[in-house]
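Inspection log for the structure reproduced underneath, given as structure tokens.
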Amino acid sequence: MDTKTGQNLETIGLRDVFLNFLKSEAFGGIFLFFAAVGAMIVANSPFSDMYFNFWHINLGIEIQGLLHSFPFLAYFFSGGETGNIFIGLSIHHWISDVLMAFFFLMVGLEIKREVLFGELADFKRAIFPALAALGGMIIPGLIYFTLNAGTPSDHGFGIPMATDIAFALGVIMLLKSRVPMALKVFLVTLAVVDDLGAIIVIALFYADNLHIIWLLLACFLVGILIGLNRFGVKRLAPYLGIGVLLWFAVHNSGIHATIAAVILAFCIPVRPKVSLEEFAPFIKTTTDAFARTTKESQNFLNESQVRNLRDMQHRIAMVQSPLGRLERALHPWSAYMIMPLFGFANAGVRIDDNMNFNSILALDHIFLGVILGLLIGKPLGIFLITFISEKIGIAMRPQGVSWAQILGAGMLAGIGFTMSIFVADLAFKNTPHALEATEISKIAILSGSLLSGIVGAVFLILLAKIKKK
């Protein structure tokens with residue numbers, strides 16, 4: 001095979017994969033948008049009470065009097081005076097803790113793939129968007145913390161740090177040819193690094209009181225996952241089975257359970273059981289054998305052909321990367337079910353007569369901190385750190401992308417939505433005005449994300465028109 005031709009085919013293949021990723025994420029963003037709008041409508045309709053009460057319904061099983069018979073289980077479960085054990089969660093927690101774990105598993109798989117084979121694999125290409133993501137987290141966090149320093153709400157600094165990749169890509173895809181492909185690649189890579197940063201922030205700053213026994217059990221399970229990877233186990237079942245146990249251990253340790261999903265993702269093998277070099281000759285030999293046993297008047301497959309097909313099916317499964325298989329399986333569920341459901345469950349904010357603009361601003365500076373962090377902090381942080389980095393020679397701007405376009409992408413990165421709401425639910429749990437603070441932060445997230453999307457899109461459209469002239 002001609003080396004140059006092979007490289008071209010590989011480049012085309014990667015480009016097609018990237019374009020498919022962009023399109024699917026964009027469609028996921030559209031679903032997410034309608035889910036958020038629907039939540040706001042229902043939350044302020046006659047069905048409002050039904051909407052809010054529904055998420056607090058417990059879903060699980062209750063075992064009668066088990067704590068009375070086995071008192072030592074009280075360390076692991078709480079049953080109050082009844083001695084009953086409830087194994088389950090509220091519907092809201094099923095979505096935020098369990099379903100979102102699958103979303104974070106997919107995010108972790110995407111990060112690992114990008115680090116090993118994608119835009120983050122090459123240090124020179126990775127450093128520019130990585131620094132952009134860092135600046136896009138630090139400046140919004142500082143803006144929020146400065147405005148809320150010394151108040152019970154200062155713990156919400158992580159809210160404006162996040163970027164919603166589905167929404168941001170949804171907006172940039174609507175702009176089509178008005179923005180270069182290099183800018184789309186930059187925004188995707190920035191969002192991936194931003195997701196990794198958000199995961200680290202959640203793990204470090206939004207953990208409850210740590211329970212050492214559960215934490216040690218989690219570490220032991222992580223050791224098993226690493227061992228499976230080291231010994232070359234390619235089947236997904238053992239990883240997913242231990243991953244479920246890891247979720248329980250992390251959930252009970254005080255660290256948010258979604259971190260378990262990310263750790264699991266980093267342990268999933270990348271290399272397939274059968275290499276491409278072995279696969280191609282096998283398929284050729286098997287298809288030749290299939291063709292040799294085929295007769296013109298044949299209506300049904302013979303035993304030899306059925307065996308050939310089974311062998312090919314088995315080998316096709318073995319040539320696929322475990323990481324790739326799992327990511328492809330999770331992506332449609334994440335984009336079209338988990339994220340819209342999370343959006344519908346969390347974007348609903350009741351705006352009544354008591355919640356006017358003055359009352360929103362009255363609780364510390366949550367509203368201003370979040371909205372200014374997303375709308376001003378994100379583009380400012382992304383632009384400043386990348387501009388300085390290029391001037392001092394640390395990083396190089398992508399070819400064909402102007403500084404104005406970097407600023408426009410920074411504006412779109414201010415669409416925080418999913419991750420910002422996720423962090424908001426964690427940030428104010430132990431504050432005196434937890435419910436009110438969470439509601440105000442959600443209003444700020446929705447407002448800031450909407451404004452960031454509109455301002456960023458208009459800015460990039462105007463840039464494209466100026467460039468044509």
Hey, does the side chain of [X] reach the backbone of [Y] with a donor-acceptor pair shorter than 3.5 angstrom?
| X | Y | result |
| --- | --- | --- |
| Trp94 | Leu59 | yes |
| Ser389 | Ile385 | yes |
| Trp247 | Asp97 | yes |
| Glu390 | Met396 | no |
| Arg113 | Phe117 | no |
| Ser48 | Asn44 | no |
| Ser321 | Val270 | yes |
| Ser253 | Val250 | yes |
| Tyr239 | Leu228 | yes |
| Ser441 | Thr438 | yes |

Are there more than 12 heavy atoms of other residues, nucleotides or ligands under 6.0 Å from atom [atom1] of [X]?
| X | atom1 | result |
| --- | --- | --- |
| Phe102 | CZ | no |
| Phe248 | CZ | no |
| Phe52 | CZ | yes |

[X] vs [Y] side-chain heavy atoms within contact, under 4.5 Å:
| X | Y | answer |
| --- | --- | --- |
| Leu131 | Ile388 | no |
| Ile91 | His56 | no |
| His211 | Leu215 | no |
| Tyr144 | Ile139 | no |
| Ile159 | Phe428 | yes |
| Ser45 | Val42 | yes |
| Val98 | Leu89 | yes |
| Met419 | Met161 | no |

Start with the C-alpha gap between Ser449 and Leu374, add the side-chain angles, then the distance that decides, and say whether side-chain contact (heavy atoms from CB on, under 4.5 Å) holds.
CA-CA 7 Å; Ser449 297; Leu374 292 172; 4.2 Å; yes
Euclidean distance, [Y] [atom2] relative to [X] [atom1], rounded to 0.5 Å:
| X | Y | atom1 | atom2 | value |
| --- | --- | --- | --- | --- |
| Asn229 | Ile224 | CG | CD1 | 14.0 Å |
| Ile111 | Glu114 | CD1 | CD | 9.5 Å |
| Phe220 | Leu217 | CZ | CG | 8.0 Å |
| Leu245 | Leu264 | CG | CG | 11.0 Å |
| Thr146 | Leu372 | OG1 | CG | 11.0 Å |
| Phe367 | Ser447 | CZ | OG | 4.5 Å |

With side chain to side chain donor-acceptor pair (under 3.5 Å) as the criterion, how do Thr418 and Asp164 come out once you've worked through the C-alpha distance, each side chain's angles and the decisive distance to 0.1 Å?
CA-CA 6 Å; Thr418 309; Asp164 190 301; 2.3 Å; yes
What's the shortest heavy-atom distance between [X] and [Y], and which atoms?
| X | Y | value |
| --- | --- | --- |
| Ala413 | Ile382 | CB-CD1, 3.6 Å |
| Asn148 | Asp154 | O-CB, 3.2 Å |
| Ala265 | Lys112 | O-CD, 3.7 Å |
| Ala457 | Leu412 | N-CD2, 3.9 Å |
| Pro140 | Pro160 | CB-O, 3.5 Å |
| Ala249 | Leu221 | CB-CD1, 4.2 Å |

Results of salt bridge (Lys or Arg N to Asp or Glu O under 4.0 Å) for Asp425 - residues two or more places apart only
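Partners of Asp425 under the salt bridge (Lys or Arg N to Asp or Glu O under 4.0 Å) test: Lys442.
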Would you list the pairs meeting ring-ring contact (aromatic ring centres under 6.0 Å, His included) in which at least one residue belongs to residues 374-413, sequence neighbours left out?
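Every pair satisfying ring-ring contact (aromatic ring centres under 6.0 Å, His included) with a residue in residues 374-413: Phe383-Phe387, Phe383-Trp403, Phe387-Trp403.
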Assess whether side-chain contact (heavy atoms from CB on, under 4.5 Å) is satisfied between Met106 and Ser334, documenting all intermediate values.
CA-CA 8 Å; Met106 195 198 69; Ser334 175; 3.8 Å; yes
Distance-only side-chain donor-acceptor flag, Lys378 / Thr163, under 3.5 Å:
yes
Under 6.0 Å between ring centres: does that hold for His155 and Tyr206?
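Yes; Tyr206 has its ring centre under 6.0 Å from that of His155.
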Would you say the ring centroid of Phe422 lies under 6.0 angstrom from that of Phe103?
no
Kindly indicate, with the supporting measurements, whether the criterion side chain to side chain donor-acceptor pair (under 3.5 Å) is fulfilled by His93 and Ser90.
CA-CA 5 Å; His93 281 102; Ser90 68; 2.8 Å; yes
Before you tell me yes or no, could you show the steps for Ile226 and Cys267 under side-chain contact (heavy atoms from CB on, under 4.5 Å), namely the whole-Å CA-CA distance, both residues' side-chain angles and the distance that decides it to 0.1 Å?
CA-CA 6 Å; Ile226 293 171; Cys267 295; 4.1 Å; yes
Step by step, work out the side-chain contact (heavy atoms from CB on, under 4.5 Å) result for Val423 and Ile202.
CA-CA 7 Å; Val423 173; Ile202 290 168; 4.2 Å; yes
Take Phe417 and Phe342, measure what ring-ring contact (aromatic ring centres under 6.0 Å, His included) needs, and give me the verdict at the end.
CA-CA 11 Å; Phe417 196 69; Phe342 176 83; 7.8 Å; no
Chi angles and distances behind the side chain to side chain donor-acceptor pair (under 3.5 Å) call for Thr258, His256
CA-CA 6 Å; Thr258 50; His256 199 273; 2.9 Å; yes
